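Reading through the structure tokens given below for one structure.
Predicted model, so just to flag it, every value in this text is computed and none were measured.
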Amino acid sequence: MSTLAARPAEAASAPRPSARRRPKPRGRYTGWLFVGPFVVVLVAMLIVPIGYALWLSLFRDQLVGGNQFVWFANYVQLFQDSAFWQGLGRVTLFLLVQVPIMLGLALVAALALDSARLWGTGFFRIAVFLPYAVPGVVAALIWGFIYGNQFGLTGAANDLIGIDLLQPFSASWVLTSIGNVVTWEFLGYNMLIFYAALRVVPGELYEAAELDGAGPMRTVFSIKLPALRGPMVIATIFSIIGSFQLFNEPNLLKTLAPNVIGSSFTPNMYAYSLSFSGQQFNYSATVAIVMGVITAVIAYVVQVRGTRQENR
């Protein structure tokens, strides 16, 4: 009887299997070793600069008292700044006109390459993509020489016909001229995105379409274009970001058209001029923060709408 009575006590005092210390899984920090460098660069190059710019935007240099904390007074001033709104209007117009044209041409080029009916496909692919390999500064200088009314190709054409018909640096055509430069630079980049997406379309789809008697145009609209919805969203987002960050081309062409391209031609040029020419670092940070928010919101809306259409 005593032995039987002691067994429940021993069972109660024995540690339960669930209560025992589990061995730590090996390699639990291996993932952080791979992600760590990226996190360090992300924090140092993105998070910290954004936080510092946000902090700067809350201060202002006063005539009395120096640099003082003014809360959101810089943002109130920015929303009443006509120079900022004019620059934002230009890049918005640039976005609405240039981006569809560029993506449309890139789409046509990708479809032409994928059709296997284009002679010299390799040469054509390299020729279209090659301008993207040219640095933006060099591209702007090349086109600046072409647009020159006194020394460039445009000036030679005007002399040939006897009148100043071509005026790329006039107030009504300068934005179109800049759009032509940007399209020339990034057409091949977007074409490569679309062409890469077309190359991974399963061949069974083309075989099924051929058995159903679908022609080339039907194949394009029923197979190829639906396959490009995701890449089209990505290219559109990149183009939106690039349009709102427009800086290199107008800033370099400003020396050739100083009366048309001013320091506030685009919001990025405005922020640059405020910071490095006007020494208004706080107000320049405000412009950068607002433009970053506007760009992020529009890119997010495009991504959400594109994802919904892709999932239908």
Side-chain angles (χ1 to χ4, degrees), residues 78-79 81-109 131-132 134-158 163-191 235-274 277 284 287-288 290-292 294-295 297-299 302:
L78 181 64
F79 289 126
D81 192 346
S82 60
F84 169 76
W85 290 110
Q86 290 175 2
L88 181 60
R90 291 190 191 94
V91 294
T92 303
L93 178 61
F94 182 88
L95 167 66
L96 295 177
V97 176
Q98 185 268 339
V99 170
I101 294 176
M102 178 182 63
L103 295 183
L105 293 176
L107 178 61
V108 172
Y132 179 71
V134 178
V137 175
V138 177
L141 294 176
I142 292 174
W143 282 97
F145 178 79
I146 295 175
Y147 290 153
N149 295 331
Q150 304 297 329
F151 52 84
L153 182 62
T154 301
N158 290 335
I163 57 175
D164 292 337
L165 180 62
L166 302 177
Q167 296 289 335
F169 290 137
S170 62
S172 56
W173 285 100
V174 65
L175 199 60
T176 304
S177 302
I178 296 173
N180 180 57
V181 177
V182 176
T183 302
W184 180 81
E185 288 181 279
F186 293 96
L187 175 63
Y189 172 79
N190 293 286
M191 179 271 296
T236 302
I237 293 175
F238 287 165
S239 300
I240 290 173
I241 296 173
S243 297
F244 282 119
Q245 291 180 347
L246 186 63
F247 177 80
N248 281 338
E249 293 79 11
N251 189 57
L252 292 172
L253 296 176
K254 181 176 64 174
T255 57
L256 300 176
N259 297 327
V260 178
I261 304 178
S263 59
S264 60
F265 189 80
T266 67
N268 267 12
M269 290 180 63
Y270 190 38
Y272 179 85
S273 177
L274 287 171
S277 299
S284 175
V287 175
V290 171
M291 285 304 303
I294 293 175
T295 305
V297 170
I298 295 179
V302 172

* Hey, mind stepping through Met291 and Phe84 against side-chain contact (heavy atoms from CB on, under 4.5 Å) and telling me if it holds? -> CA-CA 10 Å; Met291 285 304 303; Phe84 169 76; 3.8 Å; yes

* Structure fact -> In terms of heavy-atom contacts, Glu185 and Gly136 come closest through OE2-CA, 3.2 Å

* Beyond-backbone contact of Val99 with Ile240, side-chain heavy atoms, under 4.5 angstrom -> no

* Determine whether Leu95 and Leu246 make a side-chain contact, defined as any pair of heavy atoms from C-beta on separated by less than 4.5 Å. => no

* Looking only at heavy atoms, what is the nearest atom pair of Trp85 and Phe79, with distance? -> NE1-O, 2.9 Å

* Pairwise side-chain hydrogen bond (donor to acceptor under 3.5 Å, both in side chains) hits with a residue in residues 263-274, at least two apart -> Asp81-Tyr270

* Heavy-atom side-chain proximity of Phe244 to Leu88 below 4.5 angstrom -> yes

* Working for side-chain contact (heavy atoms from CB on, under 4.5 Å), residues Phe94 and Val182 -> CA-CA 10 Å; Phe94 182 88; Val182 176; 3.8 Å; yes

* Can you find a heavy atom in the side chain of Ser239 that is under 4.5 Å from one in the side chain of Leu103? -> yes

* Asked: Any donor and acceptor pair, going by atom type alone, linking the side chain of Ser243 with main-chain N or O of Val91 inside 3.5 Å?
  -> no

* Give, for atom CE of Met102 and atom OH of Tyr189, the distance between the pair rounded to the nearest 0.5 Å. => 10.0 Å

* To do: Identify the heavy atoms of Asn190 and Ala106 that sit nearest to each other, and give their distance.
  => CB-CB, 3.7 Å

* Separation between CD1 of Ile241 and CD1 of Ile298, rounded to the nearest 0.5 Å -> 11.0 Å

Pairs of donor and acceptor atoms involving the side chains of residues 166-181, under 3.5 Å and at least two apart or interchain, shall be tabulated with distances.
from, atom 1, to, atom 2, distance (Å)
Gln167, OE1, Asn149, ND2, 3.3
Ser170, OG, Gln167, O, 2.9
Ser177, OG, Pro168, O, 2.8
Ser177, OG, Trp173, O, 3.0
Asn180, ND2, Tyr147, OH, 2.9

* Asked: Quick check: are there more than 12 heavy atoms from other residues, nucleotides or ligands sitting under 6.0 Å from CZ of Phe238?
  -> no

Could you pull out every donor-acceptor pair under 3.5 Å between side chains of residues 253-262 and any protein atom, sequence neighbours left out?
from, atom 1, to, atom 2, distance (Å)
Thr255, OG1, Leu252, O, 3.2

* Quick one: sort the Trp143 and Trp184 rings into parallel, tilted or perpendicular, breaks at 30° and 60°. => perpendicular

